[in-house]
Structures are given as C-alpha cells and as structure tokens.
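Below, read A as the first sequence line, B as the second, and so on, with proteins coming before strands; counting in each chain starts at 1. Note that these values count all heavy atoms, side chains included, but never hydrogens, waters or copies made by symmetry. If you're wondering where the values come from, they're calculated on a predicted model, not measured in any experiment.
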Protein chains: 2
Amino acid sequence: MHTAQASLNTQSIPNAALLRTPTASRNTPELGTTRTVAKDEEVFAEGDRAAYFYKVVSGAVRTFKLLSDGRRQIDAFHLPGDIFGLESGDEHRFSAEALGDATIIAYRRCSLEVLATRDQAFANQVIASTMRALERAQDHMLLLGRKHALEKIATFLLVLSERLTEDGHVDLPMSRIDIADHLGLTIETVSRSLTQLERQGVIELPAHRRSIVLRDKAALQRLEA
Amino acid sequence: MHTAQASLNTQSIPNAALLRTPTASRNTPELGTTRTVAKDEEVFAEGDRAAYFYKVVSGAVRTFKLLSDGRRQIDAFHLPGDIFGLESGDEHRFSAEALGDATIIAYRRCSLEVLATRDQAFANQVIASTMRALERAQDHMLLLGRKHALEKIATFLLVLSERLTEDGHVDLPMSRIDIADHLGLTIETVSRSLTQLERQGVIELPAHRRSIVLRDKAALQRLEA
DNA sequence: CGCTTCCTTGAACCCCATCAATGGTGGTGG
DNA sequence: CCACCACCATTGATGGGGTTCAAGGAAGCG
C-alpha cells in the first residue's frame, strides 16, 4: 500500500537541506542522485518497491492510477521543487512518468527516516508538507465530485497560473489528454471548454496549443463556483 | 488555508499515547477534553480557527466542503479511532458534523506540536498516518474522476465493510444523501444502484434502510473495476 | 513536402441528474 | 395501540451535460 504522491513543495521546508539542494548529488552524493528522464519515460510504476522518493529539478512529472480497462486518473502534476513518490508502505501505489524531458533527484527513503528521527524541526516540516499535499487532494476531490466541466477548467487554469504564470501567460507542460485525466473529463470536453472560454474572451489560445493567455482572471474566479 | 481531515486511524500510531487513550480527558486532562455532539451538530466550520483537532470515540463524523450554490463534497467519514480536523494552517478548511450522536475528544493543536518535537517516534508515526490519509484521498480521486455509479457504490461498500462489518453485515452510520455527496452522485442514483445490486443478489437491503448485507463480496470486487 | 501527432469540431447517444410522485418507517400523540 | 405525520428512500419519466464516435484541421518534424 500507500503512496504519498501529492507534491510537497520545498519552499515550505526551509530547514531541510536535503530537500532544498538541487545539487545534492554533487555536494552530498549519499543523499540524492540526479537522473534525467525522457518524455513519457517511467520513473516508477504502481507496485514497484518504494526504495526512493524524488524531487523535480526541471521539467514536470505526472503521477497516476489506472483502472483495469485503462481509465486513468492523474492525481497531480509535479513541477520543479515538488517531491513525489514518498510512500508510507514499501510499494509505490501510483505510477510516475515525465511529461517532457525532465531532471529529477532520487533520494533513498531511509535517508528521510534517519533525518526525520534526528531532526525534529525537519520532521515537523515533513508533517506540514504532507498535510498540505492532503489538503490539495481534498480540494481536488471537490472539483472531481461536484464541479462541472467549465468550472473544472477554470479552477485548473487558476491553480496552474499560481505556479507557472508570468503575467497571465501560462505555458502548459502537459497535453489535453493529461488535463482530461486530471480533471475527470475527456479531451473533447477539455477542448470544447477551452474554446468556449476563448470565445467569451476569458482566455486566448495561441497557435501552438501548449500555452494559454489568461485575459480575465476575475471571470475565471466567477466560473470556479 | 489547509485542512488535514482525512482519517488518521489510531491503530496505526501504536506509540502515541495521546491519540490512543479514549479516556485522556480523565487521565491527563491537559491533553484532551471529551465532548458529546448531537446528530447533525457542527464540530467546526470552514474558516474557524483550528486551535483543536479531534478524535472520534463513538459515533461518526463527516467532513465536507461546500460550493457557493450548496453543492457538497464529503471528503471522508470518520469512525471511532479516527483523527480529523488537523490543519497545517491556522484555519479549518472544512466543516465537520456528527452523523448521529457522537463522542469526540478535542486536543489542542499545540499539544501535538510539542509532543512531535519531543518524541521522534511519535512524529514519524504522524507522518506515516498523514501519508496514509493522503493515500486514501488519492484512491477516492480515482473513484470520483473515473468510476461509474455502480463501481462507486461497489467500492464504497467494500471499503466500509473493512471497518464496519460483522460477517458481511454493514450498519450504515450515514444517510443516502451523505453517501451521494461522498461519491459524487445523487441520492436517486445511489438508491437505484443499491436496488440494482439487490436484484442481482449481490447485497440485501433490510427494511430499516440503515443496514446492508453483503451477500457476494467477490461480485462487488468484480464490479469495482 | 508529406507524415505523424495532437487538437478541434460535429453529430448522436447515454448515463446520470432533475423533476415529480409514491412508498415505507419510525416517532408522536391521541 | 393505533392513526397520523414527517422524514427518508424508492421508483418513474424526462432532459441535459458530457461521452463516444467520427472526421477534419493545424503544427512540428523528418
């Protein structure tokens, strides 16, 4: 059992040298090793031994679960600074793949346990981070269970914009299929909803479909429900 | 920001005297105070100061979020032994209400922090428990985002039966509305799905609609997808 | 320049929501 | 003890939001 995929962003663990140092593999090789992952390459699969957890350095990673017939639920996208793949049990309960070419650092799980046992402040930070990950999961349950397509898209764009935006310009690291499998929709509905928002003048969809300009954030917030 | 509602069952925190002792209010009054809550009474509301977190002693509690127009998502039902209302921020991000008459223990949040700082083993247990809560949330996201009504009901019954069953006989502490708002369905669909399972001989619905007999768990597992 | 891949758009359908009414159970008071 | 009532659950009929199926377009890459 047991993944704790949801992102634990390192910003919130100021005391944790282990998690903060993207160059840990060079400075303290025993704590983490850098690894590059190609687009759509697997980092780990559901059922793998969870000997390591990971931090995104560059690029982005999706963690997801599959049903027997192939239906997929992406629980989170992990951006630079995020931790994923930390488990309470000894198996990964999710799969993880790179959205595009990515660089990640792998940490031995036992490192965490050793450090958490020695350093109480660090342990408290890990608790807080895990709780924040849980809270994000809970917000997402509200979205999945009770929001309509347009509300889901609006929420998604607003959440993304908090991390990826430069004055309203969002560069999407993921495809429409990924968005659909994150929001519990189909690619067609995602596409139609985005088109609708564009027609309403709320967003703009540049030609190369991997970026979105948020024209009217207030309108998105109203749509969020 | 930030709730960490999902249940942290005390079974999994063997070393944590604070969490394990239902009679803490008598033995160590500074750690927790017992409180009884009537059916549908509020324990705390979204936005309240999160000075306390809680453990269920008897009865059951729902934690939920509301959208502006009243749509509700119940993120979890908390049964005896479960912890809820633990926040990383200083406000409750959910509301909590008793399903029926219930007894709970309120702990000051600072007690947890003090204890976690002094006792590394305890801190590690809290991390593990929070991660397990997160994992349950992740399973529920798969259900909400990608499962059909019948699959949702089947999963729900199987999960419940792991905790509440005595040889297949499940006593539901919650109403159909609560089930619907947990699974992202309507009461009508919940009712129809249960009826369908009964017609298929998979379950039995006794006259007083608050219990269910699981006749064929294997069939439920097949339906789970 | 053609191919592949991804995205968009259209049309038909279906699952579940919605609207509406009935049924059943437990509680209350006569 | 029974009749009435309120609440909850069930059942039926209809409709709609989103999926499914299918085709067309647009961008990137060899």
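Nucleotides of DNA chain C that come within less than 4.0 Å of any heavy atom of chain B span, from the 5' end to the 3' end, dC16(C) to dG26(C).
No hydrogens or angles considered: nothing links the side chains of Arg109(A) and Tyr52(A) as a donor-acceptor pair under 3.5 Å.
Taking a 4.0 Å limit (strictly below) on heavy-atom distances, residues 152-159 of chain A does not reach DNA chain C anywhere. Near DNA chain D, meaning a heavy atom under 4.0 Å away, the residues from residues 168-189 of chain B are Ser175(B), Arg176(B), Glu188(B).
Residues Arg146(B) and Val190(B) both approach DNA chain D. Their nearest nucleotides, taken by heavy-atom distance, put Val190(B) toward the 5′ side.
Side chain of Asp82(A) to backbone of Leu79(A): a donor-acceptor contact under 3.5 angstrom is found. Side-chain N or O atoms of Lys152(A) include one that pairs as donor or acceptor with a backbone N or O of Leu183(A) at under 3.5 Å.
Whole-Å rounding puts the Arg210(B) CZ to dT10(D) P distance at 11 Å. In this entry the distance linking CZ of Arg192(A) with P of dG24(D) reads 16 Å, nearest Å. Taking atom CG on Leu150(A) and atom P on dG16(D), their separation rounds to 18 Å, with Å as the unit.
Contact annotation: the side chain of Leu160(A) approaches that of Leu172(A) to within less than 4.5 Å [non-hydrogen atoms, C-beta and beyond]. When side chains are defined from C-beta on, Thr36(B) does not count as touching Asp101(B), because their heavy atoms never get closer than 4.5 Å. Between Glu166(A) and Asp171(A) the shortest side-chain heavy-atom distance does not fall below 4.5 Å. Side chains of Thr63(A) and His78(A) form a contact here, defined as non-hydrogen atoms less than 4.5 Å apart.
Rounded to 10°, the angle separating the first-five-pair axis and the last-five-pair axis of the helix from dC1(C)-dG30(D) to dG30(C)-dC1(D) equals 30°.
Phe84(A) and Phe94(A) have their aromatic ring centers separated by at least 6.0 angstrom.
With sequence neighbours excluded, the residues that form a side chain to side chain donor-acceptor pair (under 3.5 Å) with Asp69(B) are Arg71(B). Glu224(A) is linked by a side chain to side chain donor-acceptor pair (under 3.5 Å) to nothing, counting only residues two or more places apart in sequence or in another chain. Every residue meeting the side chain to side chain donor-acceptor pair (under 3.5 Å) condition with Ser58(A), not counting sequence neighbours, appears here in chain and number order: Thr103(A). Residues forming a side chain to side chain donor-acceptor pair (under 3.5 Å) with Lys147(A) (at least two apart in sequence, or on another chain): Thr155(A).
The residue Arg71(B) sits apart from the nucleic acid: no heavy atom pair falls under 4.0 Å. Thr195(A) comes within 4.0 angstrom of the backbone, heavy atoms only, and of no base.
Residue pairs that meet the salt bridge (Lys or Arg N to Asp or Glu O under 4.0 Å) test with at least one member in residues 176-201 of chain A, sequence neighbours left out, are Arg62(A)-Asp178(A), Arg72(A)-Asp178(A), Arg72(A)-Asp181(A), Asp181(A)-Arg146(B). Residue pairs meeting the ring pair (Phe, Tyr, Trp, His ring centres under 6.0 Å) criterion with at least one member in residues 128-150 of chain A, sequence neighbours excluded: His140(A)-His182(A). Applying the side-chain hydrogen bond (donor to acceptor under 3.5 Å, both in side chains) test to every pair with at least one member in residues 201-214 of chain B, sequence neighbours left out, gives these pairs: Glu204(B)-Arg215(B).
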Please list each protein N or O that sits under 3.5 Å from an N or O in nucleotides 25-30 of chain D, with the distance.
none

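Counting non-hydrogen atoms of neighbouring residues, nucleotides and ligands closer than 6.0 angstrom, the CG atom of Leu205(A) exceeds 12 such neighbours.
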